[in-house]
Amino acid sequence: MEKKLMVLDGNSIASRAFYALPLLTTDEGLYTNAVYGFTTMLLRMLDEEKPTHLLVAFDAGKVTFRTEEYKDYKGKRLKTPGELSAQFPLLKELLNAFNIKHYELNGYEADDIIGTISAQAEANGFTTLIVSGDKDMLQLVSDKTRVALTRKGISEVELYSPAEVEAKYGLTPAQIIDLKGLMGDASDNIPGIPGVGEKTALKLLHEFKTVENVLDHVSEIKGKKLQEKIAAHADDARMSKELATILRDAPIEVTLEETVYQPYNQEKVVSVLERFAFKSLLERLGLNSAEANGAPVQAQEEIDFVTITEENREAWADKLTSPMAVMVEVDAENYHGAPIHGISLADGTVRLYVPFDQAGWPALIKWMADPEQKKWVYDAKRSQVALAWKNIQLEGICFDVLLASYLSNPSETNHRLCDVAERYGMKLASDDAVYGKGAKRSIPEASILGPHIARKAETIYRLRDKMDAALKEEGLDELFYDLELPLATVLGDMETHGVRVDRQRLDEMGVELTEKLERLTKQIHELAGTEFNINSPKQLGEILFDKLQLPVIKKTKTGYSTSADVLEKLESAHEIVPLILEFRQLGKLQSTYIEGLKKEIREETGKIHTSFNQAVTATGRLSSTEPNLQNIPIRLEEGRKIREAFVPSEPGWFIMAADYSQIELRILAHISQDENLIDAFRRDMDIHTRTAMDVFGVDEDEVTSLMRRQAKAVNFGIVYGISDYGLSQNLNITRKKAAEFIERYFSVFQGVKRYMDNIIAEAKKNGYVTTMLKRRRYLPDINSRNFNLRSFAERTAMNTPIQGTAADIIKLAMVNMAQRIEEEKLASRMLLQVHDELIFEVPEHELETMGKLVSEVMENALPLDVPLKVDVNYGKSWYEAK
DNA sequence: CATTTCACG
DNA sequence: ACGTACGTGAAATGT
C-alpha cells in the first residue's frame with residue numbers, strides 16, 4: 001500500500017487558530033481556542049487525506065542555530081501571549097490521547113524537523129503532505145511532497161504542488177528561499193534588501209533565478225537606486241537566504257516507523273475532549289456518549305409512568321391537575337397536519353403517557369381545552385397547531401421551555417429539549433438517538449417510544465422552576481410571560497387559519513413565465529454560441545469571463561462571481577448580460593414563488609399555512625418557513641404581481657396591510673435622544689430628504705434625487721452599524737468618500753454618534769446589549785483581539801437594540817391586536833407579519849373599524865418620544881393593498 | 001451538504 | 001493592514 005506521511009506545523013497552526021478564534025475557556029478556566037482550532041484542522045485533514053503516517057512538529061525554546069548565527073532572528077516578534085503558551089501542554093496531551101506522534105528538538109525549529117522528516121520520507125518512497133500557516137514551507141514542495149497552507153485564519157487550506165507554486169509566483173519551490181533572501185520577512189525579522197518587496201523580488205528572480213546570480217549581475221539591473229541598494233546589502237541578502245533555508249538533515253531522533261498512525265483509545269480521547277469541553281468534536285467523532293456505540297442511551301434515569309388505555313383511563317381522570325407538564329410528540333418537522341405519536345403528562349408525582357389512539361379520552365380533551373388548567377410545554381405553538389389540525393383545543397399554556405431557552409440566549413441555534421436539559425444538568429436521550437436521523441429515521445417500537453415521550457414531560461416539569469428563576473435573574477420574565485408566550489398563541493392561530501392563495505392565478509403567471517424563460521434561454525445560448533446551464537454560476541462564469549472575455553469584477557472562493565451587482569456593471573459590455581439578469585429575475589419568480597408556493601397549498605384547506613419561527617433570530621424578529629411568506633416580491637413590478645394570488649379566504653372580504661413607517665429610525669431617535677432626529681420625526685418630515693439637507697447643507701428644494709438616495713443609504717448604514725467600507729460598497733463610491741459622508745452625518749446627528757459610542761462601551765462592559773423590552777443579545781466577540789470578529793460584534797451592538805426594539809414593538813401590537821379583535825367580536829383575522837407590517841383579512845363592513853383599530857393599536861404599542869406612524873391600505877388582494 | 005444567488009424587512 | 005454593511009429562508013448546482 002502507498003505510504004502517505006502528513007506533518008503538521010504545531011506552532012504555526014495553533015497560533016493561527018489562537019488569533020482566529022474567540023478566547024474559549026472551560027469551566028475550570030483552561031484556555032482552549034488554539035487547541036480547538038488545531039484539532040478541527042487536524043481532523044479535517046485526516047478525513048481528506050487519510051495518511052498512513054502522522055507527525056506534529058513543535059518549536060523548542062527560543063535559542064536555535066539561527067539565533068546563534070543572527071542574534072536578531074525573530075527579534076521583533078511579539079512575545080507569545082500566556083493564553084496561548086498555556087495551551088501547548090494541553091495540545092500535546094490531546095495528541096497523546098489520539099496516539100499521534102509529536103516531536104521537538106532543542107536548538108531547532110519545527111520547520112527543520114519537517115524539512116528533515118519529509119526528506120527522509122521522499123527517500124523512502126512516501127508521498128508527504130505538510131500542513132502549516134507559513135509560506136516558507138513552499139520551498140519543500142516537490143513531486144512527492146505537497147504543502148497545505150492555511151487561509152482565512154484556519155477555515156480553509158490551499159494545496160500547493162510544484163505547479164501551484166509556479167502558477168502563483170512563477171518560481172520553482174527552491175526559489176522560495178531566494179525570494180525570502182531578497183524581500184526578507186518582517187515577522188521573523190529577516191532583513192532581506194531594504195526597499196525590495198515581493199513585486200521587485202519576483203521581477204529580479206524571473207530574470208536572474210537566484211540570489212547569488214542577482215548579486216553577480218548587479219550592474220545589469222534596471223534602476224540605479226535599486227542597483228545601489230542591492231550592492232550595499234549583498235551580505236544581508238546572502239544571510240537572509242541562509243536563514244530562510246529549512247534544514248533537510250537536522251539531527252532528529254524520530255524515525256518514520258515511529259510516525260505510523262495507529263488507532264486510538266476512545267476512552268482516553270473522550271476524557272480529554274470532555275475536559276476541554278469540545279462537545280462538537282465529540283459529536284463529530286461519533287463519541288458522544290453511548291449513543292453512537294449502540295449502547296443503551298446515556299445514564300438517563302428510568303422513570304415510572306402509566307400508559308393510558310381504554311380500560312385504565314377512567315381511574316386517572318382526576319389526576320389531570322394544574323400545573324402539569326405536557327409533551328405533545330409531533331412526528332414531522334412541519335407540524336401542520338402532522339401525525340402525533342402521543343401525549344405525555346407529568347406533575348412531579350403523576351406521570352402518564354397517552355398514545356395518540358387514546359387522545360380522544362374525554363377527560364383529557366376537557367382538561368386540555370380548559371384555560372384554567374395550567375400547562376408547561378416545550379414548543380407551545382407546535383403543540384397548539386398540531387392539535388388544532390386534529391380538532392383538539394389546547395389552552396392555558398403558561399410555560400414554554402423552547403421560548404425560555406431562546407430568550408436566555410437568542411444567538412444559540414440549538415434549543416432541542418435534550419440539549420436544554422443538559423445545560424441544566426439533566427440527561428435526556430436526543431430524538432436523533434431514538435428515531436434515528438436522515439434515511440435511517442423510523443418510529444421505534446412502543447417499549448422505546450412511550451418511555452421517551454414520558455421522559456420529555458418529566459424533563460419539562462423539572463426544567464420549569466430552574467428556567468423561570470433564570471429568566472427572572474436576567475430580567476427577562478416580563479418579556480417572556482407578557483409578550484412571547486401570549487404571542488405564541490396568536491401566531492398559532494394565524495398559522496392554523498392560513499392564507500388563501502389563488503392557484504389558478506399562479507398557474508397563469510407560471511405559463512407566461514415559462515414562455516418568457518424559454519425565449520430568453522434560446523437568445524442567451526445563441527449569443528453565447530453554445531448551450532449551457534444558465535443557472536450554474538460555474539458554467540455561466542466560464543461563458544462570460546473565459547469565452548466572451550468580459551472583465552472580471554469580483555471573484556468568489558470557487559471561481560468568478562456572477563452575482564447581480566457584478567452583472568449590472570457589465571450590462572453594457574455585452575448584450576448577453578441584460579438577458580441573463582432578466583433570466584435570473586424571472587427564473588427566481590418561477591422556481592421559488594410560482595412552483596414553490598403552489599407546492600405549499602394544502603389539499604385540506606386550499607390555503608398556505610406557513611410556520612413562524614419564534615426562536616431563531618438573534619435580534620428577536622420572527623422568521624417564516626415552509627413557505628417563507630416574509631419575502632414575497634414587492635420591489636420589482638414583475639415580482640410584485642405574485643401578490644395578486646394572495647386573496648381573502650371569504651367571498652367579498654378584503655386584504656388589509658398596515659406598515660410602520662421608518663420604525664427603526666424612529667426608534668433610533670428615541671433611544672439616542674438625538675435632538676435633530678427627534679425634531680425631524682416630530683415634524684413628520686421625509687427622513688431621507690431631511691438627512692440629505694443636513695448632511696449636504698442645502699435647502700429642501702435643493703435636494704436632488706442622487707442626494708436623497710445617498711442620504712437613504714447613510715441612514716441604512718447607521719441602522720446596520722455603520723462602516724465606511726460597507727457604505728462605499730452600497731453606493732459604489734470610494735471608501736474615503738463614504739467616510740466623509742459618515743463624518744458629516746455624525747457632525748449633524750451628534751446624539752446618534754453619542755449613542756453608537758455608548759452602546760459599544762456598554763456591550764464591552766456587560767458582554768451584551770438589550771432592547772427596550774430588555775430582550776438580550778450576548779456579544780462574546782466584543783472584546784476579541786481579532787479585528788473582524790470585534791468589528792462585527794460592534795456593528796451588532798449598534799444594530800440589535802434598534803432592530804430588536806422594532807421586533808418588540810410589532811410583537812406587542814400583535815398581542816394587543818388579537819385581544820382587541822376578540823374583545824370587540826370582530827370577524828377580521830390577522831394573517832401575516834412581515835417585520836414592520838401586519839396583514840389582515842377583513843369583511844367589508846369592518847373595513848373602517850379595522851383601519852382605525854389597527855393604526856391605533858400599532859401606533860400606541862409602545863410610546864416613544866417621537867410618534868410612530870402607520871400606513872394602512874386595503875384591496876381585493878395583497879397586491880392591491882398598497 | 002456546502003456554495004452561490006436572490007427574495008424580503 | 002485587517003476586509004463587512006444588519007436580520008432572515010429557499011432553490012439550484014455540484015462535490
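Just so it is clear, the values below take in all heavy atoms, side chains as well, and ignore hydrogens, waters and symmetry mates. Just so we're on the same page: letters track the sequence lines, and every chain starts at 1. Computed from a prediction, not measured in an experiment: that's the story for all the values here.
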Just compare [options] and give me whichever is closest to any side-chain atom of [X].
X      : options               : result
A:N628 : B:dA7, C:dT4, C:dG9   : C:dG9
A:T619 : B:dA7, C:dG7, C:dG3   : C:dG7
A:K538 : C:dA10, B:dG9, C:dG14 : C:dG14
A:N631 : B:dT4, C:dG9, C:dG7   : C:dG9
A:S563 : B:dC6, C:dT8, C:dA10  : B:dC6
A:Q803 : B:dG9, C:dA5, B:dA7   : B:dG9
A:V616 : B:dC6, C:dG9, B:dC8   : C:dG9
A:N535 : C:dA12, B:dT5, B:dG9  : C:dA12
A:F787 : B:dT3, C:dA10, C:dC2  : C:dC2

What contact category does [X] fall into here, base, sugar-phosphate, or nothing, at under 4.0 angstrom with non-hydrogen atoms?
X      : answer
A:A807 : nothing
A:A806 : nothing
A:E595 : nothing
A:S561 : sugar-phosphate
A:Q729 : nothing
A:S728 : nothing
A:G717 : base
A:Q539 : sugar-phosphate
A:A797 : nothing
A:V834 : sugar-phosphate
A:L622 : nothing

Verdict with supporting geometry, A:E664 and A:R621, salt bridge (Lys or Arg N to Asp or Glu O under 4.0 Å)
CA-CA 13 Å; A:E664 294 191 333; A:R621 274 189 177 181; 3.8 Å; yes

So do the side chains of A:E542 and A:K547 get within less than 4.5 Å of each other, counting heavy atoms only?
no

Student check: side-chain heavy atoms of A:Y19 and A:N786 closer than 4.5 Å:
no

Specify the separation, in whole Å, of atom [atom1] of [X] and atom [atom2] of [N].
X      : N      : atom1 : atom2 : value
A:E568 : B:dC6  : CD    : C1'   : 12 Å
A:I742 : C:dT4  : CD1   : C1'   : 12 Å
A:N613 : C:dA10 : CG    : C1'   : 15 Å
A:I634 : B:dC6  : CD1   : C1'   : 16 Å
A:I642 : B:dC8  : CD1   : P     : 11 Å
A:F583 : C:dA11 : CZ    : P     : 16 Å
A:Q614 : C:dG7  : CD    : C1'   : 17 Å
A:E626 : C:dA11 : CD    : P     : 9 Å

For the student: nearest non-hydrogen atoms of [X] and [Y], plus distance:
X      : Y      : value
A:R16  : A:G133 : NH2-O, 3.2 Å
A:S624 : A:T610 : OG-OG1, 2.9 Å
A:E571 : A:P578 : O-CD, 3.5 Å

What interatomic distance, in whole Å, is found between [atom1] of [M] and the corresponding atom of [N]?
N     : M     : atom1 : value
C:dT4 : B:dT5 : P     : 15 Å
B:dT4 : C:dA5 : P     : 13 Å
C:dG3 : B:dC6 : C1'   : 23 Å

Quiz question: going by heavy-atom distance under 3.5 Å, is there a donor-acceptor pair between the base of C:dG7 and the side chain of A:R795?
no

On the side chain of A:S723, is there an atom forming a donor-acceptor pair with the base of C:dT4 - under 3.5 Å, no angle test?
yes

Give, for atom CG of A:L731 and atom CZ of A:F741, the distance between the pair rounded to the nearest 0.5 Å.
6.5 Å

Kindly assign one of parallel, tilted or perpendicular to the pair A:W878 and A:F646, based on the angle between their ring planes and the thresholds 30° and 60°.
perpendicular

Below 30° counts as parallel, above 60° as perpendicular, anything between as tilted: where do the rings of A:F545 and A:Y560 land?
tilted

[X] vs [N]: side-chain N/O to OP1/OP2 distance below 4.0 Å:
X      : N      : value
A:R777 : C:dG7  : yes
A:Q590 : C:dA11 : no
A:S536 : C:dG14 : yes
A:T562 : B:dT5  : yes
A:T558 : B:dT3  : no
A:R584 : B:dC6  : yes
A:R635 : B:dG9  : yes

With centres under 5.5 Å and planes under 30° as the test, does A:F792 stack with C:dT4?
no

Counting only Watson-Crick pairs (N1-N3 plus N6-O4 or O6-N4) and G-U wobbles (N1-O2, O6-N3), all under 3.5 Å, who is the partner of B:dC6?
C:dG9

Walking DNA chain C from its 5' end, the first of A:T796 and A:N788 to be reached, judged by nearest nucleotide, is A:N788

